[in-house]
Structures are given as structure tokens and as C-alpha cells.
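Along the sequence shown, residues are numbered consecutively beginning with 1. Order of listing sets the numbers, starting from 1, for every ligand and every atom in it. Keep in mind the model is a prediction, meaning the values are calculated, not measured.
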Amino acid sequence: MTLAVPTDDFDCQSCGACCSYSEDWPRFSLETDEELDRIPTEYVSADLGGMRCEDNRCSALDGKLGIHVGCKIYAVRPIVCRTCMPGDDECLMARHKLSQKVLL
Ligand code: SF4
Ligand code: SF4
């Protein structure tokens, strides 16, 4: 089987692993109230503390994991989503988990 996420290609638009890593990941932190108000409520978790996820996948993630994805709220996404950089430790962890899932 072909890995959905190539190990040497950090193209976020063909990945999405960090956006489907854990419901505990896209949580709000230092956003201002104004910034949070810009995120449509349909994508916000019931406890208002982060993004709403389904099976660890952020509800604002569009598309097919490992093929082509996009963030529906890219311009107003939370801080944690802005700080995760392609190739950093969190990215590698998320991609590894996704690769394992695809292989199972
Ligand atoms: S930051 Fe890493 S895990 Fe997240 S979408 Fe980009 S390549 Fe994938
Ligand atoms: S808000 Fe956008 S960038 Fe952040 S986890 Fe959800 S889909 Fe990914």
C-alpha cells in the first residue's frame, strides 16, 4: 500500500495530518476575544475551548487526508495552527500517526 503522507514531502495542502491528530490539539490559547469571534461557531467545540473535532479530525478541515486538504477558516485559524511548521516535531508526530493509521 502507498503511504498517504510521503515522508519527505511537507506540502500541507496534500497532508492535513496535524489537523486530524487529536481533538486536544486545536485548542485555543492566547487568542483575543475578537479573534475568537471571527471563528464560525459551527467549528467551535462545545466547551468553547478549541476547534470542534470528529474522530480527532478538526471540523474545519476540508478535503481528503493525504491527498488534498484545506482549512475552511485559514485566515482566522487558532494560534496553535499558525505555529505548527512543516517539518517540526509536532508535524512529524502527526504525520507518523497518520501514516500508521493508513497502514493499518
Ligand atoms: S504542518 Fe506538517 S502535519 Fe501539518 S499539514 Fe503541514 S506537513 Fe502536514
Ligand atoms: S482550524 Fe484549520 S488549521 Fe487548525 S486544525 Fe482546524 S483545519 Fe487545521
Kindly confirm or rule out a cation-pi arrangement of Lys72 over Tyr43, judged by NZ or CZ under 6.0 Å from the six-membered ring centre and within 45° of its axis?
no
Distance below 2.8 Å from atom 4 (Fe) of ligand 2: protein N/O/S atoms
Cys81 SG
Mark yes or no for whether Ser45, through its side chain, and Gly50, through its backbone, hold a donor-acceptor pair below 3.5 Å.
yes
Does any N or O in the side chain of Arg57 come within less than 3.5 Å of the main-chain N or O of Leu61, such that one atom is a donor and the other an acceptor?
yes
Is there a donor-acceptor contact under 3.5 Å from the side chain of Glu35 to the main chain of Asp33?
no
Would you find a donor on one side and an acceptor on the other, under 3.5 Å apart, between the side chain of Arg95 and the backbone of Ala17?
no
Got an N, O or S from Cys12 under 2.8 Å of atom 2 (Fe) of ligand 1?
no
Checking Arg52 side chain against Glu42 main chain: does a donor-acceptor pair fall under 3.5 Å?
yes
